[in-house]
Amino acid sequence: MNRYGVFGNPIEHSLSPIIHTQFAQQTGCEIEYEKILAPLDDFAKIAQEFIDKGAKGFNITVPFKIEAFNLATQHSLNAQTAGAVNTIKINGNELMGENTDGIGLVNDLTKNLNIDLNNKTLLILGAGGATRGILLPLLKQQPRRLMIANRTASKAVDLAKDFSAYGKTCGFGLDKVKNDPVDVIINATSASLDGKMPDIASGVANGAICYDLMYGVQTPFMDWAKANNAKMIADGLGMLVEQAAAAFEFWTSKQPDTQAVIQNLRR
Ligand code: NDP
């Protein structure tokens, strides 16, 4: 039985054990997958104990993704550009760090929701850890333009500069969002957690695909999108399952059926 797990604080809410157990059943892999609450100041020690017990890999969620980056001995390009690791594969003495958040989002958008991002105008709200993690996989889809709007404008400007080598990016404050429609808006702020919607020009949503990274509830962003004539509205549950699938494949080389798991979770 191969051992895997997810580290976080808090961790009780995590759906990862349910998702990975379903992937394992589908693909005939024998795995054990547990939730591990790491103390805020002791992630590295708890992770090392898990590694010493013979674990094959683990996921890392809030707030340890940057510490996991520091723990990893090798980093994929996604992990390097994100500056954060959400998946570690243990290979002898090597801890291979990957970040599957962006791959998860792109797979949900392109495969599950059938959205072609090529040559489209994208607007991302927020410039925190999640935005940094999704930028490279989004830019690999070759959008016409990717705009980042953030409450603290300087963070959006800096992030856009950091990724300008990978595609046409620009960053600005939320107040600079124009009233003109874009193709896709991705809410990567944590405002939904506080029941808030960033204050932006409403015309930008007219006919747009609006995607909230948050999942499990109807968010103020989703309400705002509906009120402003969005073409399609989605939450981040598909991204959650797809990022888990990319981690599962990284560990086992097996590709699970994500649609079945998304449907089970929605039920
Ligand atoms: P961070 O704390 O790193 O960043 C938060 C961002 O939200 C910042 O840009 C911040 O702006 C902005 N923000 C916070 N409150 C407000 C507000 N009231 N109005 C406008 N902007 C606001 O968080 P993460 O990037 O890690 O996470 C963002 C969201 O993505 C969370 O809801 C998280 O749950 C979700 N997520 C979902 C995943 C999935 O699999 N579906 C995976 C990863 C994340 P400022 O810089 O000005 O402070």
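A quick note: this is a predicted structure, and the numbers were derived from the prediction, not measured. By convention here, the first residue in the shown sequence is residue 1.
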Taking every heavy atom of F163 against every heavy atom of L136, the minimum-distance pair comes out as CE2-N, 3.9 Å
Counting C-beta onward and ignoring hydrogens, is there a side-chain heavy-atom pair between V204 and N179 closer than 4.5 Å? no
Is a side-chain N or O of S76 found less than 3.5 angstrom from the main chain of A79, in a donor-acceptor match? yes
Hey, does the side chain of N59 reach the backbone of N86 with a donor-acceptor pair shorter than 3.5 angstrom? yes
Flag side-chain contact, heavy atom, 4.5 Å: L138 against L109: yes
How long is the straight-line distance from CD of E67 back to CD1 of I60, given to the nearest 0.5 Å? 10.5 Å
Quiz question: by atom type and distance under 3.5 Å, do the side chains of D212 and T219 form a donor-acceptor pair? yes
Counting N and O atoms only, with roles assigned by atom type, does the side chain of N150 sit under 3.5 Å from a partner on the main chain of A156, one being a donor and the other an acceptor? no
Which heavy atom in V182 sits nearest to a heavy atom in A208, and how many Å separate them? O-CB, 3.3 Å
For M239 and Y211, run side-chain contact (heavy atoms from CB on, under 4.5 Å): C-alpha distance rounded to whole Å, both residues' side-chain angles, the deciding distance at 0.1 Å, then the answer. CA-CA 10 Å; M239 170 180 174; Y211 191 104; 3.2 Å; yes
Rounded distance (nearest 0.5 Å) linking atom OG1 of T100 with atom CD of E249: 11.0 Å
If two hydrophobic side chains count as joined below 4.5 Å and joins carry through other members, does F58 share a cluster with V85? yes
Kindly check if the number of other-residue, nucleotide or ligand heavy atoms within 6.0 Å of CZ (R3) is above 12? yes
Starting from the C-alpha separation in whole Å, work towards a yes-or-no answer on side-chain contact (heavy atoms from CB on, under 4.5 Å) for L193 and M214. CA-CA 8 Å; L193 293 172; M214 200 166 149; 3.8 Å; yes
Quick one: CG on N112 to CD on Q259, what's the gap to the nearest 0.5 Å? 4.5 Å
G104 and E242: which non-hydrogen atoms are nearest, and at how many Å? O-CB, 3.3 Å
Just checking, any donor-acceptor pair under 3.5 angstrom between side chains of N206 and N229? yes
N9 (side chain) donor-acceptor with A38 (main chain) under 3.5 angstrom: yes
Any donor-acceptor pair under 3.5 Å linking the side chain of K35 with the backbone of E12? yes
Which ILVMFWY residues can you reach from V6 by hopping between side chains whose heavy atoms are under 4.5 Å apart? Y4, I11, L15, I18, I19, F23, I31, Y33, L37, M96, Y215, L237, L240, V241, F248, F250, W251, V261, I262, L265
Indicate yes or no for a side-chain donor-acceptor contact from Q80 to the backbone of H75 under 3.5 Å, with no hydrogens or angles considered. yes
Among the clusters formed by ILVMFWY side chains lying less than 4.5 Å apart, do L125 and V184 turn up in the same one? no
Stepwise ring pair (Phe, Tyr, Trp, His ring centres under 6.0 Å) test for F64 and F43: CA-CA 7 Å; F64 301 121; F43 163 72; 5.1 Å; yes
Quick check against the 3.5 Å criterion: does D183 have a side-chain atom that pairs as donor or acceptor with the backbone of T121? yes
Hey, are the side chains of I186 and L213 touching, using non-hydrogen atoms and a 4.5 Å cut-off? yes
If we ignore hydrogens and angles and just use 3.5 Å, is the side chain of Q26 paired with the main-chain N or O of D257 as donor and acceptor? yes
How close do I148 and G126 get, heavy atom to heavy atom, and via which atoms? CG2-O, 3.5 Å
Got Q22 and N264 here, is their nearest side-chain heavy-atom distance under 4.5 Å? yes
Please report the C-alpha distance between D101 and K65 in whole Å, then the side-chain angles of each, then the deciding distance to 0.1 Å, and finally whether the side-chain contact (heavy atoms from CB on, under 4.5 Å) criterion is met. CA-CA 11 Å; D101 281 338; K65 291 184 189 180; 2.9 Å; yes
Would you say CD of Q255 has more than 12 non-hydrogen atoms from neighbouring residues, nucleotides or ligands within 6.0 angstrom? no
Quick one: are P137 and L105 in side-chain contact, heavy atoms under 4.5 Å? no
Taking the side chain from T169 and the backbone from L146, do they hold a donor-acceptor pair closer than 3.5 Å? no
Give the cluster check for V157 versus I124: same hydrophobic cluster or not, with ILVMFWY residues linked at side-chain heavy-atom distances below 4.5 Å. no
To the nearest 0.5 Å, tell me how far M147 CE sits from L122 CG. 8.0 Å
Where A191 and P198 come nearest, the two heavy atoms and their spacing: CB-CD, 4.0 Å
Any side-chain heavy-atom pair from D235 and R266 closer than 4.5 angstrom? yes
Tell me whether the count of non-hydrogen atoms from other residues, nucleotides or ligands lying under 6.0 Å of CG in N118 goes above 12. yes
Can you name the closest pair of heavy atoms from N99 and A84 and give their distance? ND2-O, 3.1 Å
So, do S14 and T61 sit near enough that their side-chain heavy atoms are less than 4.5 Å apart? no
Within the supplied structure, the quantity of interest is the number of heavy atoms (other residues, nucleotides, ligands) at a distance under 6.0 Å from N70 CG; does it exceed 12? yes
Can you tell me how far the CD atom of Q243 sits from the CG atom of N107, to the nearest 0.5 Å? 11.0 Å
Using the rule that two of Ile, Leu, Val, Met, Phe, Trp, Tyr join whenever any of their side-chain heavy atoms come within less than 4.5 Å, decide whether I103 and I134 are in one cluster. no
Out of curiosity, Q74 CD to I88 CD1, how far, rounded to the nearest 0.5 Å? 11.0 Å
Has the side chain of R132 got a donor or acceptor atom that lies under 3.5 Å from a matching backbone atom of T81? yes
Considering only heavy atoms from C-beta outward, does the side chain of I90 approach that of K56 to under 4.5 Å? no
Say whether F221 and I209 are linked into one hydrophobic cluster, either directly or through other cluster members, by side-chain heavy-atom distances under 4.5 angstrom. no
Is it the case that more than 12 heavy atoms not belonging to I66 sit under 6.0 Å from its CD1 atom? no
